[in-house]
Amino acid sequence: MKNKTIIQYAGVLLLLSALTVSCSDFFDNDPKTALTKEQTYAELDNIEPLIAGLYGSWRDLRKDREGLVFQFGTDEAQQGAYQIRTEDDQGGLDKYNSFLSPSNNALTQQWDKRWKLVTESAGVVNALEINDQDPGRKNGLLGQACFIRAALNFELVQYWGEIPVIDDAIIAEYGLGRQPLEIVYGLIISDLERAEEFLPETQEDPSKVRKGVAQALLGKVYLSAHTESGIRDYAKAAGYFEKVINSPYYELVSDYAQLFDAYTSNTSESIYEFQFNNVSPDHNQIQWQTGSRLLADVENGYCYFGGYDLILPTAYCHQSIEEGGIWEEGDLRRAESIRYDFTYGDYIPELNESWGGDELDPHIKKYEDIRNDKVNSFYYCGKNAHYLRLADIYLCYAECLNETGNTVGAVNIVNDHIRNRAWGGNLPADKKWNTVMSQDDFRKNILDERMRELAFEGWRRMDLIRTGNFVSYVKAKNKWAKESNTIQDFHVRYPIPLNEIKQNEDIDETDQNPGYKLN
């Protein structure tokens with residue numbers, strides 16, 4: 001199937017706004033049974049399944065190989081050697097070489113899938129805005145659709161910079177070209193404010209977002225917005241983080257390991273996690289990509305930590321401080337995050353020289369699904385994937401305190417809530433951060449602490465971008481970027497896909513992000 005572009009999706013949105021086309025053209029329903037769009041959007045009973053479809057599509061962005069793409073090319077994770085040898089386009093995402101270009105297929109897929117979903121969510125938002133049924137129920141659905149659009153736009157603006165804005169009023173005034181950052185962030189914030197207003201404090205269905213999720217992401221937006229947008233505001237970010245921290249609905253679990261127990265999900269620490277299980281079609285195949293291929297055929301493929309080495313921790317992420325990495329003696333998070341031992345029963349794997357040589361290097365452990373061991377192929381792994389959890393919010397809050405001059409308070413937050421748990425509730429004196437730490441030292445230390453706490457949960461690229469450390473950290477700590485030695489400052493943004501430039505009349509060659517050739 002050919003990839004669609006923004007202008008194609010937005011063209012469908014404009015038709016939807018005119019209430020003139022069948023909903024089957026947009027939501028892929030059976031044309032023989034599809035209601036007209038006017039009929040569909042007149043009834044909340046018909047809109048609700050559309051929102052369920054948005055959730056499903058949003059969740060599926062986190063599945064399998066494609067769900068890991070944005071973790072490539074950081075100081076935390078890099079592709080396996082076999083992948084680098086055999087996938088040039090994909091390899092470019094770690095090497096930052098000529099394959100990281102507007103024609104890169106791996107990135108084009110990420111772009112297209114998100115724009116399809118942004119436009120679908122915009123269509124639902126617009127429809128709900130004109131729906132006059134049950135206001136309470138309508139607003140609850142509107143909050144969910146607004147959140148999903150905001151979450152996707154936040155990713156897009158962080159990774160690509162200025163982007164088109166799919167909203168009727170903005171399209172009517174500005175068209176479908178790339179919009180200034182303040183307009184993009186303005187819509188994101190507006191959507192999240194509506195989500196905060198309309199979403200309930202709790203949801204019986206954990207797949208649905210609630211008020212705290214909107215508050216947490218609002219904090220992230222104010223913390224991470226590009227400085228040139230004028231939107232970044234540490235005080236506002238801290239205010240939203242405080243709402244989540246003070247909420248009676250969230251609490252850190254006492255045991256870090258519980259967060260990654262296949263039999264435990266949606267804990268008190270979870271603000272939102274993507275719901276999967278190890279039964280088709282709701283498995284996520286993440287372990288399929290993160291395990292070692294040397295275990296792929298053991299037990300007929302039923303060894304739960306087998307896989308195909310798509311993505312591995314960098315040496316910086318898996319080594320001890322003495323070795324040049326991040327891990328301190330006694331930190332319990334290390335054993336839960338990274339696999340070092342590949343012995344399986346009596347089987348001791350040996351390297352196959354023809355593959356790549358890193359199959360026994362430390363691997364990502366967080367997504368191993370022991371429920372499959374000797375029962376199912378690791379292909380059917382299906383542990384939930386964390387999106388936002390309270391520990392992340394504590395760390396973000398501490399960062400805001402430091403940036404607003406309260407480094408002592410920031411250090412205490414990290415010691416009391418994050419590091420204390422990492423040592424089993426009894427933080428040794430020599431592992432406590434010193435409250436006389438400078439603001440600059442805290443900035444460096446918090447990045448390491450975020451990696452220890454949140455490794456492979458999907459926030460590292462944004463962390464590096466917003467702190468201005470992207471190029472220097474990746475160049476020093478990512479094996480492939482270091483070998484290639486071609487990463488430059490402009491790589492902090494991905495290239496606008498070539499298909500978009502060719503087909504979107506409001507985006508031309510001069511709108512490409514600086515540094516990228518038009519190929």
Side-chain angles (χ1 to χ4, degrees), residues 1-31 34-63 66-67 108-131 138 140-157 160 163-172 176 184 187-188 190-192 194-195 198-199 207-209 214 217 274 387 497 499-500 503-504:
M1 180 181 293
K2 293 182 179 179
N3 290 321
K4 294 184 178 180
T5 62
I6 294 170
I7 196 152
Q8 288 173 300
Y9 293 133
V12 174
L13 174 61
L14 293 174
L15 289 173
L16 286 172
S17 299
L19 301 177
T20 59
V21 299
S22 166
C23 65
S24 63
D25 296 331
F26 189 49
F27 296 104
D28 298 324
N29 293 328
D30 181 353
L35 301 170
T36 66
K37 191 244 179 209
E38 184 173 12
Q39 291 170 323
T40 298
Y41 287 154
E43 299 292 333
L44 294 180
D45 284 345
N46 296 330
I47 296 177
E48 198 155 12
L50 303 182
I51 292 180
L54 295 179
Y55 276 116
S57 297
W58 183 41
R59 180 200 72 165
D60 288 350
L61 292 175
R62 297 294 291 264
K63 292 180 70 168
E66 292 182 355
T108 298
Q109 290 175 5
Q110 297 291 328
W111 172 272
D112 286 347
K113 286 189 174 183
R114 279 164 177 76
W115 282 113
K116 180 178 184 293
L117 190 50
V118 166
T119 306
E120 290 177 351
S121 59
V124 174
V125 169
N126 291 347
L128 286 166
E129 288 174 336
I130 62 173
N131 186 288
K138 180 193 83 168
L141 296 173
L142 180 59
Q144 295 176 65
C146 283
F147 180 88
I148 293 173
R149 178 169 67 171
L152 291 160
N153 277 330
F154 182 51
E155 276 191 325
L156 288 161
V157 72
W160 277 275
I163 56 172
V165 174
I166 309 303
D167 175 80
D168 273 358
I170 293 174
I171 291 173
L176 289 167
V184 179
L187 181 65
I188 293 170
S190 174
D191 274 347
L192 290 175
R194 285 203 285 183
F198 295 142
L199 291 174
S207 71
K208 295 180 178 179
V209 293
L217 195 58
F274 294 101
Y387 177 56
N499 284 351
E500 194 64 50
Q503 298 182 57
N504 187 336

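These numbers were taken from a predicted model, which means no experiment stands behind them. Heavy atoms only: backbone and side chains are in, while hydrogens, waters and symmetry mates are out. Starting from 1, each residue takes its place in the sequence as its number.
The distance from atom CG of D112 to atom CD of E500, rounded to the nearest 0.5 Å, is 7.0 Å. Atom CG of L176 and atom CG of N504 lie 5.5 Å apart (nearest 0.5 Å). Residue E120 holds its CD atom at 12.0 Å from CD1 of I51, rounded to the nearest 0.5 Å. For the atom pair R114 CZ and I163 CD1, the distance stands at 11.5 Å (nearest 0.5 Å).
No side-chain heavy atom of Y387 sits under 4.5 Å from any side-chain heavy atom of V209. No side-chain heavy atom of D168 sits under 4.5 Å from any side-chain heavy atom of E129. Residues L61 and L117 have side chains in contact (heavy-atom distance under 4.5 Å, counting atoms from C-beta outward). Within the 4.5 Å cutoff, side-chain heavy atoms of L187 are placed close to those of R149. Side-chain atoms of D191 and R194, non-hydrogen and from C-beta on, do get closer than 4.5 Å to each other. Contact of the I188 side chain with the L192 side chain is registered, since non-hydrogen atoms from C-beta on lie closer than 4.5 Å. Inter-residue side-chain proximity for L217 and F147 is flagged as met; some heavy-atom pair is nearer than 4.5 Å. Residues L142 and V125 meet the side-chain proximity criterion, which asks for heavy atoms closer than 4.5 Å.
By the ring pair (Phe, Tyr, Trp, His ring centres under 6.0 Å) test, Y55 pairs with no residue at all, sequence neighbours left out. In terms of the ring pair (Phe, Tyr, Trp, His ring centres under 6.0 Å) criterion, F198 has no residue partners (sequence neighbours excluded). Under the salt bridge (Lys or Arg N to Asp or Glu O under 4.0 Å) criterion, R59 pairs with D282, not counting sequence neighbours. Partners of S190 according to the side-chain hydrogen bond (donor to acceptor under 3.5 Å, both in side chains) rule, which considers only residues two or more places apart in sequence or in another chain, do not exist here. Every residue two or more places apart in sequence or in another chain was checked for a side-chain hydrogen bond (donor to acceptor under 3.5 Å, both in side chains) with N153, and none qualifies.
Of all non-hydrogen atoms in L156 and W111, the two that sit nearest each other are CD2-CE3, 4.3 Å. Here the closest heavy-atom approach between residue T108 and residue P497 is recorded as OG1-CB, 3.7 Å. Shortest non-hydrogen contact noted between A195 and A214 is CB-CB, 3.8 Å. In terms of heavy-atom proximity, A151 sits nearest to W58 at CB-CZ2, 4.0 Å. The two atoms that bring L128 and I47 nearest to each other are CD2-CD1, 3.7 Å, heavy atoms only.
A distance-only check finds a donor-acceptor pair linking the side chain of S121 to the backbone of V118 [under 3.5 Å].
No side-chain donor-acceptor contact under 3.5 Å links Q503 and N499.
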